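Predicted model only: the values in this text are computed from it and were never measured. Just follow the structure's listing: the first ligand is 1, and inside any ligand the first atom is 1.
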Amino acid sequence: MKKIVLDENELPDKWYNIQADLPTPLDPPLNPQTQQPIGPHDLEAIFPKALIKQEMSQERYIPIPEEVKEIYRIWRPSPLVRAERLEKALKTPAKIYYKWEGVSPPGSHKPNSSVPQAYYNMKEGVQRIATETGAGQWGSALAFATGLFDLQCRVYMVKCSYEQKPYRKVLMQNWGAEVYPSPTNLTNVGKEIREKLPDTSGSLGIAISEAVEDAATHENTNYALGSVLNHVVLHQSIIGLEMKKQFEKIDDYPDVVLGCVGGGSNFAGAAFPFVQDKINGSHPDTKIVSVEPLACPTLTKGQYRYDFGDSVGLTPLLKMHTLGHSFVPAAIHAGGLRYHGDSPLLSKLTKEGYMEAVAYYQKDIFDAAILFAQTEGFVVAPEAAHAVKAAIDFAKMAKRDNEERTIVFANSGHGHFDLSAYDAYHGEDIIDYAHPEELIEKAMTELPNI
Ligand SMILES: *Cc1c(COP(=O)(O)O)cnc(C)c1O
């Protein structure tokens, strides 16, 4: 079977919360000033109560509201596809599947969380949401979702992406959002950074600081984050829950589960239902591997410790793999996945050995994406190309070992708005770059000692 599809009535009714199955509990988020654990009340200035509850919930399954499912049905359940033509090109005995999130209106997995986030804000009477976006994927997913629930949306878009990727901005505007290049003159944080670093190309950390300040200083406004946090990972579990049902249909179970990691949400969403089986011992040997760029090697080279989520230290301190909150990605890096930290849940499960991580140079990931496009047809986002590269490597290992393994990767989105990166690839302008260890060590000296 080429495409394993589920009926609409097989759409999962509940999200899966891995907090219920962790062998030891997550280290709590800390107040950035006092360094004491924060309670639900501390987050109420910027998040709706329902999402704070999900963030801290220990319930294994959380029901998906009917209004959210109704919107999910526009593109979900998403297909699980066998990449047979890629297998043939690689002459591998492995079966390669990908879970395709490029079918959503914004073209990625991100609306799996933007839709419930907009919904819960609307339910609690919030009128406006401020957020940041890097490449524009999260901004467009939130613009799409807020539009459906009649909320206003302001997006602080990292300046270099705003300039390099004007079409994502247009997409956000089509769905009714306002978009500004960050750092802006609209927040105190933005003004200060522009004074100190007039030539800055911006970073996700800076844009987060701006959006958080916006939300904290406007009564009718909340903040929304597109990755990292537990409630985002929870919403993304729809991916892995569907995958499990799809593998049941073909009476198979993956030996290897792969996905790209920026803040970790798409891969955590795809992988955690399989990590659950690893924790409970029903499938202890599944290899579950995060893939990241060597230009932003958070899991492979970062440290597991408390750090801020943003550049200036407005957000709670999170225990996670981090390159340091002062990390600014190299401008020549075209492959996405540029955030300095990672989901605390994914970080912990990696630290404890339930998951592992690999990192690649960007030329290799574009080579992989081109082979995928020429065999399977779809042009994937550069982020997703990391997962494609890893799938190819694992398929080659299966060939070497002459074993018929089942490999699946989370294919997080299409690359139709990333053609300038592909253009750079064709012009041989893609330069390999690894984030230097010295910079990581230096950034670590700026972290609070906890
Ligand atoms: C945002 C994005 C990512 C990275 O974010 P995660 O939270 O790590 O999933 C990966 N792929 C695509 C297509 C994205 O838009």
Side-chain angles (χ1 to χ4, degrees), residues 75 78 98-114 117 131-144 155 157-158 161 165 168 171-172 204 207-208 224-240 257-272 289-293 295-299 302 309 318 320-321 329 333-347 350 355 357 359 365 369 372 378-390 409-418 421:
W75 73 96
S78 71
Y98 64 91
K99 176 67 169 167
W100 185 217
E101 293 297 306
V103 289
S104 75
S108 76
H109 66 284
K110 290 201 170 72
N112 298 334
S113 185
S114 69
Q117 290 196 47
T131 197
E132 74 291 331
T133 197
Q137 289 273 22
W138 171 245
S140 48
L142 190 67
F144 160 70
V155 182
M157 183 168 186
V158 176
S161 300
K165 301 187 176 176
R168 281 255 167 225
L171 196 55
M172 291 181 242
L204 258 188
I208 294 175
L225 189 65
S227 187
V228 181
L229 298 179
N230 304 340
H231 65 268
V232 182
V233 166
L234 170 79
H235 303 150
Q236 294 297 350
S237 69
I238 188 104
I239 303 173
V257 182
L258 305 163
C260 68
V261 170
S265 72
N266 91 85
F267 189 48
F272 283 1
V289 187
S290 299
V291 191
E292 60 183 17
C296 184
T298 319
L299 291 164
L318 301 174
M320 60 183 174
H321 277 89
H333 174 62
L337 310 171
R338 296 179 177 88
Y339 186 59
H340 68 270
D342 265 326
S343 146
L345 284 165
L346 186 137
S347 296
T350 306
M355 304 174 73
I365 67 109
F372 189 77
F378 288 111
V379 174
V380 302
E383 291 87 347
H386 289 76
V388 176
K389 166 68 179 155
F409 68 96
N411 195 346
S412 52
H414 69 63
H416 298 179
F417 291 92
D418 302 289

Peer 1: Under a 4.0 angstrom heavy-atom cut-off, which atoms of ligand 1 come close to V261?
Peer 2: 8 (O)
Peer 1: Provide the number and element of each atom of ligand 1 under 4.0 Å from a heavy atom of G413.
Peer 2: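 Per the distance check, 13 (C).
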Peer 1: For ligand 1, which atoms sit closer than 4.0 Å to a heavy atom of S227?
Peer 2: 6 (P), 7 (O)
Peer 1: Checking contacts here: is it the side chain or the backbone of Q236 that comes within 4.0 Å of ligand 1, counting heavy atoms only? Could be both or neither.
Peer 2: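 No part of Q236 is near ligand 1 at this cut-off.
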Peer 1: What protein heavy atom is closest to atom 6 (P) of ligand 1, reported as residue, atom name and distance in Å?
Peer 2: S265 N, 3.4 Å
Peer 1: Of all the atoms in ligand 1, which lie at a distance below 4.0 Å from a heavy atom belonging to S412?
Peer 2: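 Under 4.0 Å from S412, ligand 1 has these atoms: 10 (C), 11 (N), 12 (C), 13 (C).
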Peer 1: Return yes if a side-chain donor-acceptor contact under 3.5 Å exists between S227 and W138, otherwise no.
Peer 2: no
Peer 1: Do E101 and N112 have side-chain atoms, one donor and one acceptor, less than 3.5 Å apart?
Peer 2: yes
Peer 1: If you take the centroid of each ring, where Trp contributes its six-membered ring, are Y98 and F372 closer together than 6.0 Å?
Peer 2: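 Between Y98 and F372, which both carry aromatic rings, the centre distance is below 6.0 Å.
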Peer 1: Does the side chain of I365 reach to within under 4.5 Å of the side chain of V388, using non-hydrogen atoms?
Peer 2: no
Peer 1: How long is the straight-line distance from CG of N411 back to CG of L258, given to the nearest 0.5 Å?
Peer 2: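 Here the rounded value is 11.5 Å.
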Peer 1: Below 4.0 Å, non-hydrogen atoms only: which portion of K110 touches ligand 1? Side chain, backbone, both or neither.
Peer 2: side chain
Peer 1: Which of the numbered atoms in ligand 1 are below 4.0 angstrom from a heavy atom of Q137?
Peer 2: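 Near Q137, the atoms of ligand 1 are 13 (C), 15 (O).
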Peer 1: Applying a 4.0 Å heavy-atom criterion (strictly less than), which segment of L337 is in contact with ligand 1: side chain, backbone, both, or neither?
Peer 2: side chain
Peer 1: Step by step, would you call R168 with L171 a side-chain contact (heavy atoms from CB on, under 4.5 Å)?
Peer 2: CA-CA 5 Å; R168 281 255 167 225; L171 196 55; 3.5 Å; yes
Peer 1: With a 4.5 Å limit on heavy-atom distance, are the side chains of V261 and L299 in contact?
Peer 2: yes
Peer 1: Any non-hydrogen atom of H414 lying under 4.0 Å from ligand 1?
Peer 2: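 No, H414 has no heavy atom closer than 4.0 Å to ligand 1.
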Peer 1: Hey, which atoms in ligand 1 end up nearer than 4.0 Å to a heavy atom of G264?
Peer 2: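 Counting from 1, the qualifying ligand atoms are 6 (P), 7 (O), 8 (O).
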Peer 1: Can you tell me how far CG of N266 sits from OG of S343, rounded to the nearest 0.5 angstrom?
Peer 2: 11.5 Å
Peer 1: Quick one: which ligand 1 atoms are inside 4.0 Å of a heavy atom on E383?
Peer 2: 10 (C), 11 (N), 12 (C)
Peer 1: With only distance considered, is F267 within less than 3.5 Å of ligand 1 through an N or O on each side?
Peer 2: no
Peer 1: Which of the atoms of ligand 1 are close to C260, meaning less than 4.0 Å from one of its heavy atoms?
Peer 2: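 Answer, ordered by atom number: 10 (C), 11 (N).
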Peer 1: List the atom of S412, the atom of C260, and the distance in Å for their closest heavy-atom pair.
Peer 2: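 Where S412 meets C260 most closely, the heavy atoms are OG-SG, 3.7 Å.
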